[in-house]
Amino acid sequence: MNTRIIAIVNQKGGVGKTTSAVNLSAGLAMMGHKTLLIDIDHQSNTSSSLGVRPLTQENTVCQLFTAPAETFNISTIILETMVDNLFLIPSHRNLSSVELDLPYKTNIDNRIMLRDRISIISNNYEFIIIDCPPSLNLLAINCLTCAKEILIPIKSEDKFSLDGIVQLHSVISSIKQNLNPDIEIMGYLPTFYTASTNLAREILDQLKKQFDKQVFETVIGKRIHIAEAPIAHQPVQLYAKGSYGAKAYNELAKEVINRGKEKIIS
Ligand SMILES: Nc1ncnc2c1ncn2[C@@H]1O[C@H](COP(=O)(O)OP(=O)(O)OP(=O)(O)O)[C@@H](O)[C@H]1O
Ligand SMILES: [Mg+2]
């Protein structure tokens, strides 16, 4: 299977990475595509958004980075979710200490652990979506080394939202050169968009000027149902079926699917 591995990345905090990871994954799964969502953030917001809060770090993503090769069994960390076709590797708050120890693991290449360890199951899924931490730390490098495509959410209500993109691009190009030649930016996703504000319109214009067709046609507006869904531990498509947020994330899922088809044709 030609699995599409998509990392949702932006080192800026609070731009809608987790919200987009959860609701995009749910949209893809509800459209019949078997999807694995991996939570690589010690805040575990993705896991919590789907009602999972593991008490111990066993059976979580921590195992990917800590378990010895002889005992590591990936099937023990993949959970079913309330959405058919959607599976989750949950995170745990201890992932932050795992990240601190990672540079000292000198017997392995600690930048490619995620890629290595999910390689045996990646063909079981049509999509693997990775929710990255708000940083460009070693865990984020693992995400970028594992992914084939990158989706970058851009917060439309923050005038500094484009400032970090240069740094992100330079990390991506270094990873492309050294570790992952196949990686590509699939698209920039405007989030928290309020059409009535000049700032949001200006940021969207700037994005389109700079990145043209790489900007998704789908724009995610700022809406209360989208903010409430994780508190109810559900994707927005279940929490508020038929709402603006549910429709917007389903539109994004369709666009993501179509971008994959365009690549095959071109
Ligand atoms: N379109 C939206 N409308 C309203 N609220 C939103 C929207 N998108 C995200 N939020 C809310 O904004 C907050 C930040 O979003 P989210 O957690 O997805 O960002 P993040 O980039 O993953 O943050 P972090 O960098 O801390 O991981 C959350 O409380 C979320 O519910
Ligand atoms: Mg997050």
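When a ligand or atom number is given, it counts from 1 through the structure's own listing order. Note that this is a predicted model, so its numbers are computed, not measured. Quick note: residue numbers are just sequence positions, from 1.
Checking Lys17, His225, Glu228, Gln43 against atom 25 (O) of ligand 1, the nearest heavy atom belongs to Lys17.
With hydrogens left out, the protein atom closest to atom 4 (C) of ligand 1 is Arg223 O, 3.2 Å, a heavy atom. What sits closest to atom 7 (C) of ligand 1 on the protein, heavy atoms only, is Ile226 CG2, 3.6 Å. For atom 1 (N) of ligand 1, the closest non-hydrogen atom on the protein side is Gly221 O, 2.8 Å. Protein heavy atom nearest atom 11 (C) of ligand 1, with residue, atom name and distance: Phe192 CZ, 4.0 Å. Counting only heavy atoms of the protein, atom 31 (O) of ligand 1 lies nearest to Ala227 CA, 3.6 Å. At the top of the distance list for atom 16 (P) of ligand 1, counting protein heavy atoms only, stands Thr19 OG1, 3.5 Å.
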Quiz prompt | Criterion side chain to side chain donor-acceptor pair (under 3.5 Å) on Asp39 and Ser47, from CA distance to verdict | solution = CA-CA 7 Å; Asp39 187 358; Ser47 310; 2.7 Å; yes
Practice problem: Show the numbers, then the answer: is there a salt bridge (Lys or Arg N to Asp or Glu O under 4.0 Å) between Glu149 and Arg4? | Solution: CA-CA 7 Å; Glu149 301 170 71; Arg4 291 183 59 195; 2.8 Å; yes
Self-check item: From CA spacing to verdict: side chain to side chain donor-acceptor pair (under 3.5 Å), His92, Gln57
Solution: CA-CA 6 Å; His92 187 271; Gln57 73 173 53; 4.9 Å; no
Quiz item: For Glu251 and Thr218, what are the C-alpha separation, side-chain angles and deciding distance, and is it a side chain to side chain donor-acceptor pair (under 3.5 Å)?
Solution: CA-CA 6 Å; Glu251 282 306 309; Thr218 309; 5.2 Å; no
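For the pair Ser243 and Arg223, the minimum side-chain heavy-atom distance is 4.5 Å or more. Counting only heavy atoms from C-beta outward, the side chains of Val61 and Ile38 approach each other to under 4.5 Å. Looking at Ile154 and Leu162, their side chains come closer than 4.5 Å, going by heavy atoms from C-beta outward. Proximity of Val22 to Tyr249: side-chain heavy atoms (C-beta onward) are nowhere separated by under 4.5 Å.
Close approach to Val15 involves these atoms of ligand 1, each under 4.0 Å from a residue heavy atom: 19 (O), 20 (P), 21 (O). Less than 4.0 angstrom separates some heavy atom of Gly13 from each of these atoms of ligand 1: 25 (O).
Not a single N or O atom of Ile220, backbone or side chain, sits closer than 3.5 Å to an N or O atom of ligand 1. Ligand 1 has no N or O atom lying under 3.5 Å from any N or O atom of Pro230, backbone or side chain. By the 3.5 Å distance cut-off applied to N or O atoms, Gly16 is counted among the residues near ligand 1. Of the polar atoms of Lys222, none of the N or O atoms is found under 3.5 Å from an N or O of ligand 1, judged by distance alone. Between Thr18 and ligand 1, an N or O atom pair is found at a separation short of 3.5 Å. Of the polar atoms of Asp131, none of the N or O atoms is found under 3.5 Å from an N or O of ligand 1, judged by distance alone. Of the polar atoms of Gly14, at least one N or O is found under 3.5 Å from an N or O of ligand 1, judged by distance alone. Taking only nitrogen or oxygen atoms, main chain and side chain alike, Ser20 does not reach within less than 3.5 Å of ligand 1.
For the atom pair CD (Glu228) and CD (Gln234), the distance works out to 11.5 Å, reported to the nearest 0.5 Å. Between the CZ atom in Phe72 and the CZ atom in Arg117 there is a gap of 5.0 Å [rounded to 0.5 Å].
In this structure, His169 and Tyr188 have perpendicular ring planes: the angle between them is above 60°, well past the 30° mark.
Seen from the ring of Phe87, Lys34 counts as a face-on cation partner, given the 6.0 Å and 45° thresholds.
Side chains of Gln11 and Gln167: a donor on one and an acceptor on the other come within 3.5 Å.
Residue Thr191 places every heavy atom at 4.0 Å or more from ligand 1. A heavy-atom separation below 4.0 Å is not found between Pro133 and ligand 1.
When heavy-atom distances to ligand 1 are checked against a 4.0 Å cut-off, Asp41 comes that close only through its side chain, counted from C-beta outward.
Per-atom contact check: atom 29 (O) of ligand 1 does not touch the protein, criterion being a heavy-atom distance below 4.0 Å.
For the Mg ion (ligand 2), the N/O/S atoms of Thr18 include one lying under 2.8 Å.
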